[in-house]
Amino acid sequence: MRRMTPSPWAIAPRPVSDPVSAALLREYLVDVADRWYVLHHGRTSTAEEIERHLAEDPGDDLEPPRGVLLVAEYGGRVAGCAGLRRLDAGTAKVTRVFVRPERRGLGGGPALLDALEAVARQWRARRLVLDTRLDLVQARALYARHGFTDIPPYRTGPYSEVWLGKEL
């Protein structure tokens, strides 16, 4: 019999308004915004641009009953987050999957996706969807390893270049 060792990852829902959640969501935004601004403008994002993006999409739809924000800890230290939104009775949208750079490569992304799937199943969702950018190669590889495949576009926007889905 193979012994299972406990995971160093602990994942639980947390309110978006919680200071830990707010800090993680800001780190996520700076990470993806900096990549976009470097690619398209040859510079990182400014504080004003980050504040504008946070004001446009504060993440308050990641609160029950419409959504959830999961916060991950690795070895007792806050290390990442991921969100899930109900789009309709059978579909949930994965969003804001983020692991702090110093904890990447330790299984946090798969652990967060597993936790999001568990929540989606509790909601009785039959399908997960997400949209992402072409330049987020590592994220796209994570989603592919987790069973997500290309789907037709289900929304438009300046940061929606790839649409993925997974049947549950």
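- Taking 4.0 Å as the cut-off between side-chain N and carboxylate O, Arg52 and Glu56 count as a salt-bridged pair.
- Note: Trp123 CH2 to Thr91 OG1 = 11.5 Å, rounded to the nearest 0.5 Å.
- Leu168 and Leu142 fall within a single hydrophobic cluster, where Ile, Leu, Val, Met, Phe, Trp and Tyr are joined by side-chain heavy atoms under 4.5 Å apart, directly or via other members.
- Partners of Arg127 under the side-chain hydrogen bond (donor to acceptor under 3.5 Å, both in side chains) rule, at least two apart in sequence or in another chain, are Glu167.
- With hydrogens and angles disregarded, a donor-acceptor distance shorter than 3.5 Å links the side chain of Trp9 to the backbone of Leu106.
- Taking CG from Leu84 and CG from Leu116, the interatomic distance works out to 5.5 Å, rounded to the nearest 0.5 Å.
- Remark: side-chain polar atoms of Ser21 are paired, donor with acceptor, to backbone N or O of Pro15 under 3.5 angstrom.
- Within 6.0 Å of CZ on Arg104 lie more than 12 heavy atoms contributed by other residues, nucleotides or ligands.
- Evaluation of the salt bridge (Lys or Arg N to Asp or Glu O under 4.0 Å) test over residues 67-92, restricted to residues two or more places apart or in two chains, returns Asp57-Arg85, Asp61-Arg85.
- Between Arg26 and Glu51 there is a salt bridge, since a side-chain N of the basic residue sits under 4.0 Å from a carboxylate O of the acidic one.
- No side-chain heavy atom of Ile11 sits less than 4.5 Å from a side-chain heavy atom of Asp114.
- Taking Trp36 as the reference, His40 meet the side-chain hydrogen bond (donor to acceptor under 3.5 Å, both in side chains) condition, with sequence neighbours excluded.
- By the 4.0 Å N-to-carboxylate-O rule, Arg155 lies close enough to Asp131 to be salt-bridged with it.
- Side chain of Arg100 to backbone of Val78: a donor-acceptor contact under 3.5 angstrom is found.
- More than 12 heavy atoms of other shown residues, nucleotides or ligands fall within 6.0 angstrom of atom CZ in Arg43.
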